Amino acid sequence: MTCDLHIISGARSLENEVKISELYSSPRSCDSYQFKMAPLAEEHFSSLQLLLKAPSKDVVRQLCMDSFPSRAPESRALIDNTARILSVSSSEAMQVLAAFHVLSHHVVYHNLAAPEQILSIFPDNFHPNLKNLLTKILLEQSITWRNESLANQISLPQLVDMEWRVDMKTASDSVSRMAVPTCILHMKIQDSPCVSGSACDSSVTVELSKETLDTMLDGLGRIRDQLSAVAGK
């Protein structure tokens, strides 16, 4: 491949615009973590070179960002849009999205925070301008992607909001027991992310008598004390 490709700004090529020294100004990622990841293969790098057909660096950046989510390479809308932008077939578009998806997850999984670490992943015959651009994008986005991956891990539902009120409930026909106070507790629960990637909210409403509420508060107090003791160690 030659250097007079589409990814050019004015008369300057990517080689001039994305220098190795610029890569050091990107934010560093935090501690490593684990999630499911496919291994990098030679065909991934071959597919990535299709990004040379992109009309600008910003387009490459956006495609890379769009390809990170777990089901992005399977999105028909994203595949069609990528094929149109790069003027490639749907099959090739899917391959380039999957290739960067695997590459970005590899970088985040292995906590590659230095330019040299990422640059060393690419084969020697990989286009140098594109290699520098992809490295810069990976360094810039690694912390954001890491946080997103951690947030989207399978977890127990989370309590996000709570409302309560006290009602007077009719307990029997006896005048002395007509008005029995009861607590209505409404909780908003955020479940694990849905297939679409967005969080799923649900609501739970329970009725608590004074005796049940006393028991629950006593148990919560014990939990609070134990958490405080563990945190203080």
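From a predicted model like this one, the values you see are computed outputs, not experimental measurements. Computation of the quantities below employed the complete heavy-atom set of this structure, encompassing side-chain atoms and omitting hydrogens, waters and symmetry-equivalent molecules.
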K.L.:
Assess, by modelled atom type and distance only, whether the side chains of T215 and T212 contain a donor and an acceptor separated by less than 3.5 Å.
P.N.:
no
K.L.:
Looking at T135 and P115, what are the two nearest heavy atoms and their distance?
P.N.:
CG2-O, 4.1 Å
K.L.:
Can you sort out the partners of S120 under side-chain contact (heavy atoms from CB on, under 4.5 Å), two or more places apart, ordered by chain and number?
P.N.:
none
K.L.:
Say you draw a straight line from CG of N129 to CG of L52; how long is it, rounded to the nearest 0.5 Å?
P.N.:
8.5 Å
K.L.:
Quick check: do L50 and K53 have side-chain heavy atoms less than 4.5 Å from each other?
P.N.:
yes
K.L.:
Taking atom CZ of F100 and atom CG of L63, what is their separation to the nearest 0.5 Å?
P.N.:
10.0 Å
K.L.:
Quick check against the 3.5 Å criterion: does H110 have a side-chain atom that pairs as donor or acceptor with the backbone of L112?
P.N.:
no
K.L.:
Run the side-chain hydrogen bond (donor to acceptor under 3.5 Å, both in side chains) test against D161 and tell me which residues pass, sequence neighbours left out.
P.N.:
none
K.L.:
With sequence neighbours excluded, tell me which residues meet side-chain hydrogen bond (donor to acceptor under 3.5 Å, both in side chains) with R165.
P.N.:
D167
K.L.:
Side-chain contact, heavy-atom cut-off 4.5 Å: M168 with V180?
P.N.:
no
K.L.:
Quick one: side-chain hydrogen bond (donor to acceptor under 3.5 Å, both in side chains) partners of Q62, sequence neighbours excluded?
P.N.:
D66
K.L.:
Closest heavy-atom contact between R61 and I137?
P.N.:
CA-CD1, 3.6 Å
K.L.:
Taking all atoms of both residues into account, what is the closest heavy-atom pair of A54 and V60, and its distance?
P.N.:
CB-CG2, 3.5 Å
K.L.:
Of all residues at least two apart in sequence or in a different chain, which pass the side-chain contact (heavy atoms from CB on, under 4.5 Å) check with A93?
P.N.:
I79, T82, A83, V88
K.L.:
Of all residues at least two apart in sequence or in a different chain, which pass the side-chain contact (heavy atoms from CB on, under 4.5 Å) check with T144?
P.N.:
Q141, E148
K.L.:
Does anything in residues 203-215 pair up under salt bridge (Lys or Arg N to Asp or Glu O under 4.0 Å), and if so which pairs, sequence neighbours excluded?
P.N.:
K169-E207, K210-D214
K.L.:
Looking at H186 and T205, what are the two nearest heavy atoms and their distance?
P.N.:
ND1-OG1, 2.8 Å
K.L.:
Measuring only between side-chain heavy atoms, which start at C-beta, is L103 closer than 4.5 Å to I118?
P.N.:
no
K.L.:
With ring centroids as reference points, do F68 and H105 lie under 6.0 angstrom apart?
P.N.:
yes
K.L.:
Using a 3.5 Å distance criterion without hydrogens, assess whether the side chain of H101 forms a donor-acceptor pair with backbone atoms of S67.
P.N.:
yes
K.L.:
Please report the interatomic distance CG(L48) to CD(Q95), rounded to the nearest 0.5 Å.
P.N.:
11.0 Å
K.L.:
Should the pair K188-E163 be classified as a salt bridge under the 4.0 Å nitrogen-to-oxygen rule?
P.N.:
no
K.L.:
Has the side chain of H44 got a donor or acceptor atom that lies under 3.5 Å from a matching backbone atom of A41?
P.N.:
yes
K.L.:
Where is the tightest heavy-atom contact between L51 and C64, given as atom of each residue plus distance?
P.N.:
CD1-SG, 4.4 Å
K.L.:
I'd like to check the salt bridge (charged side-chain N to carboxylate O under 4.0 Å, His left out) partners of E43; sequence neighbours left out, ordered by chain and number.
P.N.:
none
K.L.:
Which atom names give the shortest non-hydrogen contact between S47 and V96, and what distance separates them?
P.N.:
O-CG2, 3.4 Å
K.L.:
Using the salt bridge (Lys or Arg N to Asp or Glu O under 4.0 Å) rule, collect all pairs that involve residues 80-101, keeping only residues at least two apart or in two chains.
P.N.:
R76-D80
K.L.:
Which ILVMFWY residues can you reach from L213 by hopping between side chains whose heavy atoms are under 4.5 Å apart?
P.N.:
L159, M162, W164, V166, L185, M187, I189, V204, V206, L208, M216, L217, L220, I223, L227
K.L.:
Checking F45 now: which residues fulfil ring-ring contact (aromatic ring centres under 6.0 Å, His included) with it, not counting sequence neighbours?
P.N.:
F122
K.L.:
Taking side chain to side chain contact (heavy atoms under 4.5 Å, CB included) as the criterion, tell me which of V102, L138, L134 meets it with V107.
P.N.:
L138
K.L.:
Quick check: does any side chain N or O of Q49 sit under 3.5 Å from a backbone N or O of S46, one acting as donor and the other as acceptor?
P.N.:
no
K.L.:
For the atom pair OG (S104) and CZ (R146), what is the distance rounded to the nearest 0.5 Å?
P.N.:
15.0 Å
K.L.:
Sequence neighbours left out, what passes salt bridge (charged side-chain N to carboxylate O under 4.0 Å, His left out) with D218? Give chain and number order.
P.N.:
R222
